[in-house]
Amino acid sequence: MREKSKIKRGVSLYSYQEEFYTGKLNLEQCIAEVAKTGAKGIELLPEQMLKGFPKVSEEFVDQWFGWMDQYGVEPVAYDAFLDNKLFPNRLLTLEENVDMMVRDLKLANKLGFKVLRTLVSTPLEVVKASLPYAEEYGVKIALEVHAPFTFGTPWFEERMEYIISSGTKWFGIMPDLGIFVKRIPPVMEQRHIRDGGTPEIITFVSENYENGVDKDETLEVVKKMKNANKVDLAYAELARHLIYTDPKILKDYIPYIMHVHGKYYDITDDYKEPSIPYKDIINILDEAGYDGYIDSEYEGNRHIQDFMEVDSVKQVQRHQELLKSLLDN
Amino acid sequence: MREKSKIKRGVSLYSYQEEFYTGKLNLEQCIAEVAKTGAKGIELLPEQMLKGFPKVSEEFVDQWFGWMDQYGVEPVAYDAFLDNKLFPNRLLTLEENVDMMVRDLKLANKLGFKVLRTLVSTPLEVVKASLPYAEEYGVKIALEVHAPFTFGTPWFEERMEYIISSGTKWFGIMPDLGIFVKRIPPVMEQRHIRDGGTPEIITFVSENYENGVDKDETLEVVKKMKNANKVDLAYAELARHLIYTDPKILKDYIPYIMHVHGKYYDITDDYKEPSIPYKDIINILDEAGYDGYIDSEYEGNRHIQDFMEVDSVKQVQRHQELLKSLLDN
Amino acid sequence: MFEQYMVCEDGFKNVEENGELIGFEVKLRIPYYRGVSLSLINSIDLEVDGISFPQDDMLFKVETGSFPYNELSTVINNRWEFGEKATLFVKKKGGLDSGSHKVHAVVNLRISYLPWPNIGDDTKTITLVEN
Amino acid sequence: MFEQYMVCEDGFKNVEENGELIGFEVKLRIPYYRGVSLSLINSIDLEVDGISFPQDDMLFKVETGSFPYNELSTVINNRWEFGEKATLFVKKKGGLDSGSHKVHAVVNLRISYLPWPNIGDDTKTITLVEN
Ligand SMILES: [Mn+2]
Ligand SMILES: [Mn+2]
């Protein structure tokens with residue numbers, strides 16, 4: 001019998017974006033929903049759910065930690081954005097980028113977060129210049145490994161090389177399981193068909209993707225199809241931004257993995273994620289000794305909100321059940 | 001014999017702008033020059049002499065207080081500017097203005113200043129919203145009463161009415177002695193003549209000013225003079241921005257006067273300020289019990305830098321001698 | 001994403017000033033998954049019944065402030081919050097006729113990590129609220 | 001004020017890149033009594049020997065950063081410090097002829113407490129430093 005996994009379960013409140021947006025759930029209610037799933041970790045996009053960002057009152061900070069105690073959860077990851085296109089006529093300077101990182105590191109520290117997510121587009125020099133502040137505020141900077149970027153791409157290698165050579169413990173990586181999309185998510189497929197995509201062409205693109213056919217080639221083929229319409233082309237284009245990486249690669253990077261985004265597009269009635277091989281991924285992480293968090297990151301609402309009532313709460317519960325089943329036996 | 005005056009002498013480093021600009025004196029040397037005059041108070045325009053404003057390193061803060069001890073002086077007034085035209089296409093919002101005030105109050109506190117100078121153009125609502133921060137950082141906000149604005153103008157009355165009715169001790173006034181210009185400063189006169197002004201017309205404007213003739217009328221008269229040139233018109237225009245207020249008015253506002261700018265344009269070889277009645281002003285302030293600072297604020301360099309080597313150090317020494325003579329006997 | 005929520009059915013009304021109809025308002029929600037500084041708004045285009053309105057006649061109002069369209073490019077400290085119903089006011093003497101109108105809005109946001117802008121495009125037939 | 005110090009006599013030189021003269025530089029000091037954010041620069045105009053240069057060909061460099069002219073309007077976190085010799089680079093194939101030139105600069109600053117801009121206007125005949 002395998003010992004019980006040390007991997008901890010959490011939820012990114014990003015998963016409840018639909019209900020927060022429409023006013024069905026407020027911030028506290030989102031946290032309450034997480035607690036109901038038994039997950040302990042809270043991940044937050046302050047720019048999504050903290051009104052008045054970047055200003056946060058002392059009263060809110062007290063309220064925030066009050067919720068943490070009340071619902072028996074803990075702050076885990078703060079998802080930051082580096083808006084270096086803040087002005088239309090120029091990019092921010094290095095110093096302005098670092099100031100923005102420091103603003104987020106400070107706020108992450110103030111709200112008890114351990115890890116700050118930085119995006120693919122964050123220049124490495126900005127991260128390097130921010131490390132003293134990461135240390136000062138005790139918040140680790142984690143580079144999200146997010147499709148279409150993945151392990152092995154030049155973008156990744158350059159950053160990974162720095163992490164290893166510098167030996168810093170304030171900069172690491174956080175894979176988003178969206179880099180392990182084996183099959184184009186059915187919810188995306190169906191949305192494109194509802195939007196007028198030609199079923200045969202949509203299926204053609206899906207099968208090509210699943211069989212590892214070069215995505216640019218598929219796009220070229222679709223472009224030449226006389227009956228391919230705008231939606232078919234958009235779908236072939238969309239496929240180019242999805243990616244499948246062999247999850248085994250995770251083994252080689254465990255010491256540098258600070259957090260994991262449990263991205264998923266839909267958990268079916270029989271508790272399956274049709275496009276991402278969760279079972280393999282969990283086993284690999286577990287056997288390799290990963291003991292950090294995996295946070296549910298539901299990103300399915302935008303593909304189904306056109307024709308059905310989105311139920312992110314149910315989707316998160318199902319995803320947590322899936323994680324529990326894979327982690328606990 | 002009058003008891004010794006309680007009024008304290010200081011110097012605004014603004015007085016050394018010429019030498020700082022040309023690199024003759026650095027910040028420490030300016031402070032050293034102040035100490036040599038026996039004055040104790042230091043006034044600073046951070047945007048003039050603190051490189052890297054608004055960022056100030058901890059090392060600099062230590063160095064700053066080191067200088068204060070070394071030269072036996074103390075920080076007194078921080079001259080702030082509210083750049084609400086920071087962007088070309090809009091004014092800053094109320095909140096942004098208050099944020100800028102808080103930035104300056106924080107920095108003033110960090111460097112030990114007691115009073116923050118705010119300019120005529122600062123909206124009253126910005127001051128009101130900043131008062132809780134003035135209290136939090138222990139720095140009083142002082143409205144500079146500066147020509148062409150003076151006591152009795154609607155702008156002043158509105159603010160004074162608030163100061164009195166609110167009873168706040170965090171918002172007061174700081175007269176700039178440039179509101180007591182009895183005679184147009186000779187350095188200004190001579191500059192305009194050097195710049196090509198017609199001596200008779202320049203004298204005509206000066207005499208009208210000294211005799212209290214309406215300045216707009218004088219401008220109209222000059223406009224109609226056939227031989228009046230651009231410089232003559234500029235001089236008549238300049239006169240409109242100078243003002244003479246009867247210094248007796250100071251008596252009625254002593255409880256609200258937090259600081260005084262000892263503005264002057266030139267101290268002659270016989271230690272006189274030809275345009276401002278210093279003797280009367282000092283007596284009035286003294287008798288009315290003012291016990292705050294008067295800081296030398298030399299503003300003559302721009303009128304003489306075209307034809308002679310500016311010596312702000314000598315000018316400040318002379319001004320301090322003048323103050324000493326008026327205060328100590 | 002969220003385009004379908006962009007043009008709001010409520011709050012669509014004429015605006016009166018000193019007894020005169022000076023324009024109309026429509027509420028818009030952000031077609032994106034987080035709030036952004038208003039300076040990230042590349043452009044807002046509005047058509048009512050096929051007629052498009054000049055941006056110079058627009059005011060964009062969020063809870064923390066109201067800005068003429070040409071100021072938006074430097075408004076970095078006020079945000080269009082996630083899910084917030086911002087108000088787009090459009091100057092139009094006499095306002096709109098009562099009843100329903102086809103409102104088409106296109107919102108273009110400058111998202112730093114995307115090489116292309118995030119464009120929300122939504123058309124709804126909504127009814128003018130009577131004052 | 002300080003206009004007489006605006007156009008600096010030193011640092012006036014051609015700029016070479018890959019063996020080609022791509023333009024020239026002149027140093028400017030601020031015609032005002034404090035440092036300001038670059039966004040307060042309303043305009044910079046430069047004439048050399050009576051010929052004025054397009055602002056699109058200009059780069060404005062201070063110690064903390066270098067910015068194409070059309071970026072200046074939003075550069076709020078970099079300052080032209082009091083007394084600092086900023087460098088105005090102007091693109092000009094082949095640069096300027098060696099020897100002395102009549103350089104005329106006009107710098108217009110937007111000062112919040114003034115109802116009119118603070119304009120510095122300075123003309124000097126200065127000599128191109130040989131590389
Ligand atoms: Mn993610
Ligand atoms: Mn003053």
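Sequence lines set the chain letters: A, B, ... in the order given, protein chains first and strands last, and positions in each chain run from 1.
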Under a 4.5 Å heavy-atom cut-off, does chain D meet the side chain of [X], its backbone, both or neither?
X	answer
N89(B)	neither
L119(B)	side chain
L82(B)	backbone
H241(B)	side chain
F53(B)	both

Quick one: do Y33(D) and E299(B) satisfy side chain to side chain contact (heavy atoms under 4.5 Å, CB included)? Show the steps, please.
CA-CA 10 Å; Y33(D) 64 78; E299(B) 200 177 72; 5.9 Å; no
I'd like to know which of [options] tops the heavy-atom pair count under 4.5 Å against chain D.
options	value
M49(B), H303(B), E18(B)	E18(B)
L50(B), L91(B), N84(B)	N84(B)
P88(B), S121(B), G52(B)	P88(B)

Give, for atom [atom1] of [X] and atom [atom2] of [Y], the distance between the pair rounded to the nearest 0.5 Å.
X	Y	atom1	atom2	result
K55(B)	N77(D)	NZ	CG	7.5 Å
S112(D)	L86(B)	OG	CG	7.5 Å
R302(B)	Y32(D)	CZ	OH	9.0 Å
F2(D)	Q17(B)	CZ	CD	4.0 Å
R29(D)	T22(B)	CZ	OG1	7.5 Å

Among E63(D), R79(D), R34(D), single out the residue with the greatest number of heavy-atom pairs under 4.5 Å to chain B.
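Of E63(D), R79(D), R34(D), R34(D) has the most heavy-atom pairs under 4.5 Å with chain B.
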Option that, when pairs with chain B are counted at under 4.5 Å, heavy atom only, ranks first among E81(D), Q4(D), M1(D), R110(D)
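Option with the greatest count: R110(D).
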Any side-chain heavy-atom pair of F82(D) and L45(B) under 4.5 Å
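They are not in contact (no side-chain heavy atoms under 4.5 Å apart), so the answer is no.
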Residue K124(D) excluded, over 12 heavy atoms near NZ under 6.0 Å:
yes
Count the heavy atoms of every other residue, nucleotide or ligand shown that sit under 6.0 Å from NZ of K51(B), and state whether that count exceeds 12.
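Incorrect, the count does not exceed 12.
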At a heavy-atom separation under 4.5 Å, does E84(D) approach chain B through its side chain, its backbone, both, or neither?
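It is neither, since no heavy atom gets under 4.5 Å.
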Region of S37(D) that comes under 4.5 Å of a non-hydrogen atom in chain B:
side chain
Note: I30(D) and Y21(B) closest approach over all heavy atoms is O-OH, 2.7 Å
